[in-house]
There are 2 protein chains.
Amino acid sequence: MKLSTRGRYGLMAMFQLALEYGNGPIPLNSIAEEQGLSESYLEQLFSTLRRDGLINSVRGPQGGYLLAYDPGEITVGQILRSLEGDLAPAQCVGDDGSLDCDKEFGCATKLVLQRIKESIDSVIDSITLQDMIDEVEKIHLVK
Amino acid sequence: MKLSTRGRYGLMAMFQLALEYGNGPIPLNSIAEEQGLSESYLEQLFSTLRRDGLINSVRGPQGGYLLAYDPGEITVGQILRSLEGDLAPAQCVGDDGSLDCDKEFGCATKLVLQRIKESIDSVIDSITLQDMIDEVEKIHLVK
DNA sequence: TTAAAACCTACTAACTTACTAGGGTTTTCC
DNA sequence: GGAAAACCCTAGTAAGTTAGTAGGTTTTAA
């Protein structure tokens with residue numbers, strides 16, 4: 001039940017973009033360095049995020065990446081689903097509705113898995129990048 | 001973020017044991033057949049569950065496995081943690097307190113991962129095998 | 001025209017998963 | 001006391017996934 005590095009790194013990088021929202025395009029190498037990640041690996045993640053419309057890119061010198069929307073309008077759920085696919089704990093409760101077991105109706109285990117999925121979804125869909133910024137700032141104020 | 005077959009199969013098998021709770025030891029092959037699972041693979045899962053004290057075993061003919069406690073006292077969380085280990089979405093929010101990233105304090109991503117973990121934990125720790133039985137029965141009554 | 005940057009594709013080593021195989025060992029029935 | 005039923009244990013392994021690396025092409029500001 002671990003998140004892969006795709007989701008984790010992607011979330012870290014998107015948070016970085018959110019922090020610098022409004023400053024124009026941010027080059028990959030600065031994000032990679034800031035977060036301690038491999039640049040060419042991050043590139044692949046950004047390619048996915050771009051295809052899914054969460055970020056925009058600007059080519060050429062002084063180019064880079066920037067959020068496609070306001071940090072308050074991008075949720076953790078959108079980011080994780082883009083990079084990891086559906087966050088269901090098993091295929092039989094996945095969004096695509098494909099079931100790989102026959103006794104789909106009244107399967108006790110499926111009911112449990114569904115509850116797990118719903119609770120994950122409700123968390124990740126309720127947190128925006130802006131929320132992440134606010135929360136970290138709150139902690140540093142208290143400190 | 002998928003559960004492995006260990007957790008899924010184990011949960012299915014434990015549910016079966018719960019259904020037959022009170023009928024004495026249930027042989028492995030009958031559980032394997034009932035749920036459509038490989039017997040020798042299930043054996044390994046049961047060995048883990050036994051070491052963790054969730055089931056008891058009886059050797060010899062007429063032997064088999066049985067729940068160590070009442071179905072109402074065994075939670076999905078106990079079963080999944082026994083078979084899958086900690087259900088944290090990343091090491092840095094795992095129960096063992098081991099952190100693999102340096103900026104543990106005030107890391108925005110970590111705060112999100114922690115929320116995910118808490119929500120998973122709260123679901124799996126609140127559902128017992130008895131709850132699973134009750135829920136399935138309710139569905140079949142309505143039907 | 002040079003350099004900085006995004007963009008794209010292919011490859012690969014290491015790891016994990018989901019088993020299978022094949023022996024024990026213990027218990028009970030006859 | 002023999003045989004069978006069942007648990008018990010270890011090792012191996014094919015397939016798939018992950019987490020990258022490598023190396024090139026295209027775009028564009030200066």
Side-chain angles (χ1 to χ4, degrees), chain A residues 1-13 17 20 23-68 80 83-86 89-91 100-101, chain B residues 1-13 17 20 24-33 35-68 80 83-86 89-91 100-101:
Chain A
M1 277 288 278
K2 291 277 181 290
L3 221 58
S4 77
T5 53
R6 285 178 67 86
R8 222 166 67 241
Y9 293 180
L11 194 51
M12 289 162 70
L17 282 189
E20 312 205 39
N23 298 349
I26 314 293
L28 243 185
N29 61 38
S30 102
I31 301 173
E33 199 174 338
E34 191 77 35
Q35 301 279 349
L37 305 175
S38 145
E39 185 176 336
S40 64
Y41 187 45
L42 245 196
E43 204 170 83
Q44 293 172 38
L45 309 187
F46 272 38
S47 158
T48 302
L49 291 166
R50 197 181 123 268
R51 264 194 295 273
D52 287 341
L54 297 177
I55 56 180
N56 293 324
S57 63
V58 178
R59 300 180 74 150
Q62 270 62 50
Y65 292 96
L66 50 156
L67 294 185
L80 292 183
L83 294 168
E84 301 256 345
D86 191 17
Q91 269 191 21
D100 62 343
C101 79
Chain B
M1 276 290 279
K2 291 277 182 290
L3 221 56
S4 77
T5 53
R6 286 179 66 86
R8 222 166 67 242
Y9 292 0
L11 193 52
M12 289 162 70
L17 282 189
E20 312 207 39
I26 313 294
L28 202 54
N29 61 37
S30 101
I31 301 173
E33 200 174 339
Q35 302 280 349
L37 306 174
S38 146
E39 188 176 334
S40 65
Y41 187 44
L42 243 195
E43 207 170 80
Q44 293 173 37
L45 309 187
F46 272 36
S47 158
T48 302
L49 291 166
R50 198 182 120 271
R51 264 194 294 275
D52 286 342
L54 297 177
I55 56 179
N56 293 325
S57 64
V58 177
R59 302 179 76 149
Q62 271 63 49
Y65 292 95
L66 52 155
L67 295 185
L80 293 184
L83 294 167
E84 301 256 346
D86 191 19
Q91 268 190 20
D100 64 342
C101 78

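Every chain is numbered from 1, with letters handed out A, B, ... down the list of sequences.
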Which whole-number value in Å describes the distance from [X] [atom1] to [N] [atom2]?
| X | N | atom1 | atom2 | value |
| --- | --- | --- | --- | --- |
| B:Q44 | D:dA11 | CD | P | 13 Å |
| B:F46 | D:dC8 | CZ | P | 11 Å |
| A:N29 | C:dA6 | CG | P | 7 Å |
| B:L83 | C:dA18 | CG | C1' | 14 Å |
| A:R59 | D:dT27 | CZ | C1' | 5 Å |
| A:L66 | C:dA5 | CG | P | 15 Å |
| A:L37 | D:dG20 | CG | P | 9 Å |
| B:Q62 | D:dA6 | CD | P | 7 Å |

If only side-chain N and O atoms of [X] are considered, is one of them under 4.0 Å from the OP1 or OP2 phosphate oxygen of [N]?
| X | N | value |
| --- | --- | --- |
| A:Y9 | D:dG20 | yes |
| B:S4 | C:dA18 | yes |
| B:Y41 | C:dA21 | no |
| A:S47 | C:dA6 | no |

A:Y9 backbone acceptor or donor facing A:Q35 side chain under 3.5 Å: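 Here the side-chain-to-backbone pair does not exist.
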Counting only N and O atoms by type, is there a donor-acceptor contact under 3.5 Å from the side chain of B:T48 to the main-chain atoms of B:Q44?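 Yes, B:T48 side chain to B:Q44 backbone: donor-acceptor pair under 3.5 Å.
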I'd like to check B:E84 versus B:L3 (side-chain heavy atoms, cut-off strictly below 4.5 Å). Are they in contact?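 Yes, close enough: below the 4.5 Å cut-off.
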Write down the atom of A:L17, the atom of A:L67, and the distance for their closest heavy-atom approach.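 In this case the closest contact between A:L17 and A:L67 is CB-CD2, 3.7 Å.
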Side chain of [X]: nearest nucleotide among [options]?
| X | options | value |
| --- | --- | --- |
| B:T5 | C:dC8, D:dC9, C:dC19 | C:dC19 |
| B:R50 | D:dA19, D:dA29, D:dC9 | D:dC9 |
| B:Y65 | C:dT20, D:dC7, D:dG20 | D:dC7 |

Is it true that atom CD of B:E33 has more than 12 heavy atoms of other residues, nucleotides or ligands lying nearer than 6.0 Å?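 Result for CD/B:E33: open.
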With a 4.0 Å cut-off on heavy atoms, is B:S57 in touch with a base, just the backbone sugar-phosphate, or nothing at all?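 Sugar-phosphate, backbone atoms only, no base.
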Classify the nucleic acid contact of A:S38 as base, sugar-phosphate or nothing, counting any heavy atom under 4.0 Å across all strands shown.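 Contact class for A:S38: sugar-phosphate only.
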Ignoring hydrogens and geometry beyond distance, is the side chain of A:E43 in donor-acceptor contact with the base of C:dC7 at under 3.5 Å?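 It does, because a donor-acceptor pair links the side chain of A:E43 to the base of C:dC7 below 3.5 Å.
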